[in-house]
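Sequence lines set the chain letters: A, B, ... in the order given, protein chains first and strands last, and positions in each chain run from 1.
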Number of protein chains: 2
Amino acid sequence: MSERQNGRPTLEQVAALAGVGRGTVSRAINGSPGVSEQAKEAIARAVAELGYVPNQAARVLAGSLTDAVALVIPETEARVFAEPYFLDLIRGVSTELALADKQLLLTLIRSEAERQRFERYVAARRVDGVLLASVHGDDPLPALITRLGMPLVMNGRRSAAEPVAYVDSDNIGAGRAAVAHLVGRGRSRIATITGSQDMYVARARLGGYLAGLAEAGIVPDEALVAAGDFTEAGGRLAMRELLARDPGLDAVFAASDVMAAGARAALREAGRRVPEDVALVGVDDSAVARLMDPPLTSVRQPIEEMGRTMTRLLLQKIGEGNGTGPVAGEEPQRILPTELVVRESS
Amino acid sequence: MSERQNGRPTLEQVAALAGVGRGTVSRAINGSPGVSEQAKEAIARAVAELGYVPNQAARVLAGSLTDAVALVIPETEARVFAEPYFLDLIRGVSTELALADKQLLLTLIRSEAERQRFERYVAARRVDGVLLASVHGDDPLPALITRLGMPLVMNGRRSAAEPVAYVDSDNIGAGRAAVAHLVGRGRSRIATITGSQDMYVARARLGGYLAGLAEAGIVPDEALVAAGDFTEAGGRLAMRELLARDPGLDAVFAASDVMAAGARAALREAGRRVPEDVALVGVDDSAVARLMDPPLTSVRQPIEEMGRTMTRLLLQKIGEGNGTGPVAGEEPQRILPTELVVRESS
DNA sequence: GAGTAGGCTGGGAGCGCTCCCAACTCCGGT
DNA sequence: ACCGGAGTTGGGAGCGCTCCCAGCCTACTC
C-alpha cells in the first residue's frame, strides 16, 4: 500500500562517509565534549554532503526528551476572553520556544473526550512540559498534570494563593491604576463593572478598584458595583443597572474592553456623552479599545510577555528535570506589571 | 544527572501479563485483523491493569506515521488580518484533528531563521502534513514543502489559478453580495476600499464589487475605488480620499471590518451619518463589526469551517500517501460560501 | 485417512539514536 | 624504559514498537 522509500541518511552513513564511528558523530552533532577538531570537520562535511537530519523519533526513543511543549487552552475561556488574548499569548510562547528549538503543540480542550485525550497524551509523555492557559478554579487539569510528574506552568491563577507555578498580570494594579487615573481626571463617583466573580482575575480587578478608591480616600458604594460576565451584553446590562441605581455617576471602570464596549452602548442609549458626562476605562487594550468611539482608555496586560515568561519558566523546570521533583522547591510565580493606555474616553 | 526512572509499561509487559506474544498485543492495539476475541479480552485487561500507553517514539521509529500535522502561520499576515481569524481557523483545525486523534503543531514564522527551522522540521519528517495559512504570492514555502514531498493544503490561494491544494472562501461572492445588498437598499453611488492589491483575496473582493455593480447595471467609477491595506489607518485615509473625490457617495464596501472601522471614523469626522448618509459594509464579521456604532453589516467568512475542511483534505492526502505522489492527480480545491450578516450600518 | 487451506500466534529483525565502556594513542613524569 | 592519565575513539547494548514470516492448530475437502 504505502510505498515509503524513505531514503533519509542515517547517523551510520554519516559516520561511514566521515570515516569515523557512530559514537563520534553522535557526540559531534550533540555538541558533547571530547571530539577532535579534525573529526568535527570531517563530520560537518559529511553531514552537509548527505543532507543529514537526525531522526527525532529515534532520539526520543533512545532516551532524550521529546523537544515539544504543549500549550493547553480550555475552550470555555477562549470564547469569553478577548479573542486576541490567546493569539498574543501563543506569539510569546512560540517566540521563546523557537529560540530553544522546541516545538509548540497546541491543544484546545472543548469536551470531556478531548480532555481525556490530552490526559493520555501527557501520560504517554509525548511532551516535556505543559503550559496551561486561563484555568477555572475547578479544573481538574492542573492536579492531574502535576500528579503525572509533568512540569507545568499556568497562565493566570485560580486564587490569590496559587500553589502551582504561574505567570499572571497585575490585575489588582490594573484596577488601582484605572481608579487613580479617573480620580486624577477629577471624577469622584466611580462605578465598576466586574467580571464573573468565580474567576480570580475578576476578583482581583475588583479588589484593585476598591484599593484605588481607598487610596483616594473615597468610600466605596455598593450601588456603584455591578456584576458583568466579560461579555458585551453583560456590560450593557450592568451599565443600565448602574445608571438606574445612580444617575449621577461620572466614571466607570469595566473589567474588560468588551464589557466597556457594552457599557458604552448603554451610555449612548441613555444619552450620556463619553467622556464629558461619564469617563470610561477598560482592561485589555484590545483592538476593540482602539476602534471604539471615542477610543477607549484601557489597562494593557503584557500578554505576549506573559507567554514568553511562562515558557522560560517551563523550560527551566524541564531543564532541572523538575517534574515537581521529590522536594519540588518553591514553584516559580511571576506577576507582570500592567500599563494604563490613556485615550479619549477618559 | 537526569534520573529517568521511566517506569512506563511496555508492549512486552502487557504481552507477558496477558499470556500472549508481542505481535498479538500489537495487532490487538492497532485493531489489525486476525486476533481472537479471547486474546483481545486478555490484552484489554492487561492494558487496563498496567495502565499501558504506547510509546509514540517507538511507533514512529518502527515505521508508521508521526500522527502530527503542522499548521503554519506566517507572521506578516497575522498582524494584518483581523485577529480572530487565526483563532477561528485553529479552532476548526483542532476540532478535526482531535477527531482523527492527531496532534496540532503550531508554527508561527516571523523571521528567516524561523523559516529555516521549519524547513529542517519538514525535512526531518516530523509531521505527516502541513497546513499553510494565508500565503503571499512570493512565499517560497509552498514550493519547498511540495518539493519535499510533504502533503500540503493552503488556506486561501495566491492567484485565481492556484496549482496547490487549497481551501478558500468565496471572496468574489463576498463583494457581489455586499454590492447587491447595498443596491437593494437603494444606494447607487457605491464606493469600495480595497485591501493590498498584491494579495489575491483583495483582488477577488474588488472583482466581486465590480461584478456586483455590473449585475446591477451600474457603471463602475474609478473615483469610487480607493486603495486600503487592511489596516484601520488605511481605511480612514481611503475614506477621506473617497469623500474628497466624490462627496455624493452614499455607500461604501470596505474589504475588511477593520478598514470599515477606519472608514466609519472618517465618516464621523466628515459629519456623515451611518447609515442615513452613507451605508457601510465590511468583511469578516469580526468582533469589531458587532461592537461598532452602529453595528456593522459584514460578510462572514466560514473561517472555522475552512479550518475543518483544510484538515479533512490534508488527512485524506496523508491517508493516500499522496505527498504530491508521482502523478498527483488533481489537487483538491474548495471554495466555501460567504454569508452577508446585515446590521444597522446599511 | 491424507492433504490443504485458513485462522492465530510467537518472536526475530530491524527502525536510528544515545549511552557507556573498553581500548587505543600520546604525553610527561620518574 | 615504564607507568599513569588525559584525550579520543569505536561500537555493543538497548530504547519500544511494527513488520513479517514461519509455525501451529483446526476444520474442511476429496
Atom-to-atom span, [atom1] of [X] to [atom2] of [N] - whole angstrom:
X	N	atom1	atom2	result
A/Asn55	D/dC15	CG	C1'	13 Å
A/Glu41	D/dT8	CD	P	14 Å
B/Gln56	D/dG16	CD	C1'	11 Å
A/Lys40	D/dT9	NZ	P	10 Å
B/Arg126	C/dC17	CZ	P	13 Å

* To do: Describe the nucleic acid contact of A/Ala15 in one word from base, sugar-phosphate, nothing, applying a heavy-atom distance below 4.0 Å.
  =>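 No contact at all - A/Ala15 keeps every heavy atom at 4.0 Å or more from the nucleic acid.
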Any side-chain N or O of [X] under 4.0 Å from OP1/OP2 of [N]?
X	N	answer
B/Thr10	D/dC15	no
B/Ser26	D/dT18	yes
A/Asn30	C/dT18	yes

* hbond_proxy B/Arg27 side chain to D/dT18 base (donor-acceptor, 3.5 Å cutoff) ->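 It does not, because no donor-acceptor pair links the side chain of B/Arg27 to the base of D/dT18 below 3.5 Å.
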* In terms of side-chain heavy atoms of A/Leu61, which of D/dG16, C/dC8, C/dC17 is nearest? ->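 Comparing D/dG16, C/dC8, C/dC17 against the side chain of A/Leu61, the answer is D/dG16.
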* Using the closest heavy atom to pick a nucleotide of DNA chain D for each, name whichever of A/Gln38 or B/Arg22 lands nearer the 5' end. =>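 That would be A/Gln38.
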* Will you find, in the side chains of A/Tyr85 and A/Asn155, an N or O donor that is under 3.5 Å from an N or O acceptor? ->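 Result is yes, a qualifying pair exists.
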* Asked: If we ignore angles and hydrogens, is there a donor and acceptor under 3.5 Å between the side chains of B/Asn30 and B/Arg59?
  ->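 Yes - a donor-acceptor pair under 3.5 Å links their side chains.
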* Which sits closer to the 5' end of DNA chain C, B/Thr24 or B/Ala58, going by the nucleotide each is nearest to? ->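 That would be B/Thr24.
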* Among A/Lys102, A/Arg308, A/Arg91, find the residue that satisfies the salt bridge (Lys or Arg N to Asp or Glu O under 4.0 Å) test when tested with A/Glu96. =>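 Among A/Lys102, A/Arg308, A/Arg91, the one meeting salt bridge (Lys or Arg N to Asp or Glu O under 4.0 Å) with A/Glu96 is A/Arg308.
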* Asked: Quick check: does any side chain N or O of B/Thr309 sit under 3.5 Å from a backbone N or O of B/Glu305, one acting as donor and the other as acceptor?
  ->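 A pair under 3.5 Å: yes.
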